[in-house]
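Nothing here was measured: the structure is a model prediction, and the numbers come from that model. Numbers here are sequence positions counted from 1.
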Amino acid sequence: MQKLISGSSLRNNDNMAPVAISEESGNGTIGVAELKKAQANKPEDHEPMFINPFYSPSAGNQDDDDYQYAKYKPHFPVVNWEPLTEIAVTDRGHFADSSKTALLSAAQKVKHLTPAIGTELVGIDLRQLTNQQKDELALLVAERGVVFFRDQELNIHEQLDIARHFGPLHKHATTPIPREPGLEEVHIVYNDAARRPDSSAFSKIELWHSDVTYEIQPPCTTSLKVITGPEYGGDTLWSSGYALYSSLSPGMQAYLEGLTALHSAVAQADGSRAAGLHVRREPVENIHPVVRVHPVTGWKSVYVNPGFTRRILGVPKPESDTILNFLFHQIAENVDFQVRFHWEPNSIAFWDNRVVTHTATFDFWPQTRHASWRET
């Protein structure tokens with residue numbers, strides 16, 4: 001399955017976010033003195049609400065009067081969707097020329113951002129891609145993990161058209177969709193000054209994930225477009241499962257190849273319900289190999305993530321915990337496996353969820369972070 005994301009507005013603010021971590025509402029910067037005063041006025045028996053931005057999506061504020069992209073703000077329809085089943089999908093990378101000449105020759109410049117992961121193509125208009133070039137993009141994403149483009153004027157409907165070339169589109173069970181009708185296959189990511197993520201509710205490692213790996217047939221390609229962004233902050237990082245697998249000893253590689261792991265949607269559904277939101281499809285748990293072989297490249301990749309992988313099956317729990325903890329820390333902390341991308345207006349990223357994990361930075365509060373995505 002493939003995933004598409006278009007993103008919008010992170011309003012600029014001349015001040016860095018304050019270091020105090022108390023959650024407050026409002027559009028202005030809140031100083032430490034004000035936060036201390038607010039804390040002192042809280043009743044002693046007040047039960048704090050811990051906000052994990054990964055499991056509890058935000059609806060944001062309702063101040064839409066001058067917001068250009070209000071029709072793409074979060075909407076949580078009360079509808080019910082049937083459980084997903086496996087469907088036959090042929091990866092479009094199989095149809096690509098291995099040299100990728102049609103795609104790469106159209107670029108003014110091809111920039112590999114790190115040896116292990118990440119390539120930027122300069123000078124390509126995604127609206128003009130031929131089907132052959134789209135197939136070669138699928139192959140390049142499978143090989144490099146994530147591919148970036150800047151200065152892209154395509155709209156959300158044109159972005160969906162590219163997504164559909166890669167395969168059938170996934171509809172998310174809990175995350176918001178746009179207010180604009182007919183876009184149920186678009187997922188909205190939105191945070192503004194109305195709610196500040198609470199660092200006591202989660203660790204940074206927990207935010208690393210590959211999208212919806214709990215599904216019976218998880219997605220392949222995802223795209224994310226940012227329409228406006230801050231001068232600094234709001235970056236996204238990706239980590240290569242290929243590089244992680246290749247870094248391991250032959251003995252560890254062989255050991256992991258014989259294992260499977262449980263991936264669960266339960267925590268994400270519980271987080272939505274705790275926020276008073278409707279869950280459109282009942283949460284599922286599915287088992288996937290710890291090491292996957294990419295169907296096009298034939299390369300092996302570690303396929304676990306802190307967000308959704310709960311335990312390795314068929315081994316004692318202490319062994320499962322130890323192995324997963326090791327792999328999770330390699331994903332989050334080994335910079336040799338990672339690429340970090342700073343968004344500019346109209347930047348787009350395409351990545352392959354089968355071979356990379358990713359995370360967002362939450363360093364932009366009280367500014368707005370608004371993105372939409374899609375998966376196949």
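- Using a 4.0 Å cut-off between charged nitrogen and carboxylate oxygen, Arg354 and Asp91 count as a salt-bridge pair.
- Between Ala138 and Gly93, the shortest heavy-atom distance links the atoms CB-N, 3.9 Å.
- When the side chain to side chain contact (heavy atoms under 4.5 Å, CB included) test is applied to Pro345, no partner is found at least two apart in sequence or on another chain.
- Not counting sequence neighbours, the partners of Thr297 by the side chain to side chain contact (heavy atoms under 4.5 Å, CB included) test are Ala142, Glu143, Tyr242, His294, Trp299.
- By the criterion of side-chain heavy atoms lying less than 4.5 angstrom apart, applied directly or through intervening Ile, Leu, Val, Met, Phe, Trp or Tyr residues, Ile331 is grouped together with Tyr255 in one hydrophobic cluster.
- Residue Leu139 is found in a hydrophobic cluster whose other members, listed by chain and number, are Val296; membership requires side-chain heavy atoms under 4.5 Å apart, directly or through intermediates.
- Legend: residues meeting side chain to side chain contact (heavy atoms under 4.5 Å, CB included) with Thr213, ordered by chain and number and at least two apart, are Ser210, His263, Tyr303, Asn305, Phe308.
- Residues meeting the side-chain hydrogen bond (donor to acceptor under 3.5 Å, both in side chains) test with Asp336, sequence neighbours left out: none.
- With hydrogens and angles ignored, the 3.5 Å screen pairs no side-chain donor or acceptor of Glu120 with any backbone N or O of Val110.
- Going from atom NE2 of His209 over to atom CD of Gln268 covers 8.0 Å, rounded to the nearest 0.5 Å.
- Here Phe350 contributes atom CZ and Leu224 contributes atom CG; the two are 10.0 Å apart, rounded to the nearest 0.5 Å.
- Under the rule for a ring pair (Phe, Tyr, Trp, His ring centres under 6.0 Å), Trp81 has no partner lying at least two apart in sequence or in another chain.
- Atom CD of Glu215 and atom CG of Asn353 lie 11.5 Å apart (nearest 0.5 Å).
- For Asn325, the side-chain hydrogen bond (donor to acceptor under 3.5 Å, both in side chains) test picks out His329, with sequence neighbours left out.
- For Phe148, the ring pair (Phe, Tyr, Trp, His ring centres under 6.0 Å) test picks out Trp238, Phe341, with sequence neighbours left out.
- Sorted by first and then second residue, the ring-ring contact (aromatic ring centres under 6.0 Å, His included) pairs with a member in residues 100-123 form an empty list; sequence neighbours excluded.
- Put simply, the side chain of Glu333 reaches to within 4.5 Å of the side chain of Ile205, judged on heavy atoms.
- Other members of a hydrophobic cluster containing Ile177 are absent, since no ILVMFWY side chain comes under 4.5 Å of it, directly or through relayed contacts.
- When hydrophobic side chains of Ile, Leu, Val, Met, Phe, Trp and Tyr are connected at separations under 4.5 Å, Leu262 ends up clustered with Ile287, Leu313.
- At a threshold of 4.5 Å between side-chain heavy atoms, the hydrophobic network of Ile, Leu, Val, Met, Phe, Trp and Tyr places Val122 and Leu137 in two separate groups.
- A heavy-atom distance below 4.5 Å is not found between the side chains of Val226 and Asn346.
- Annotation: side chain to side chain contact (heavy atoms under 4.5 Å, CB included) contacts of Ala173 (sequence neighbours excluded): Arg281.
- Separation of atoms OG1 (Thr175) and CG (Leu277) is listed at 10.5 Å; rounding is to 0.5 Å.
- Here Arg273 pairs with Glu282 in a salt bridge; the nearest charged N to carboxylate O distance falls below 4.0 Å.
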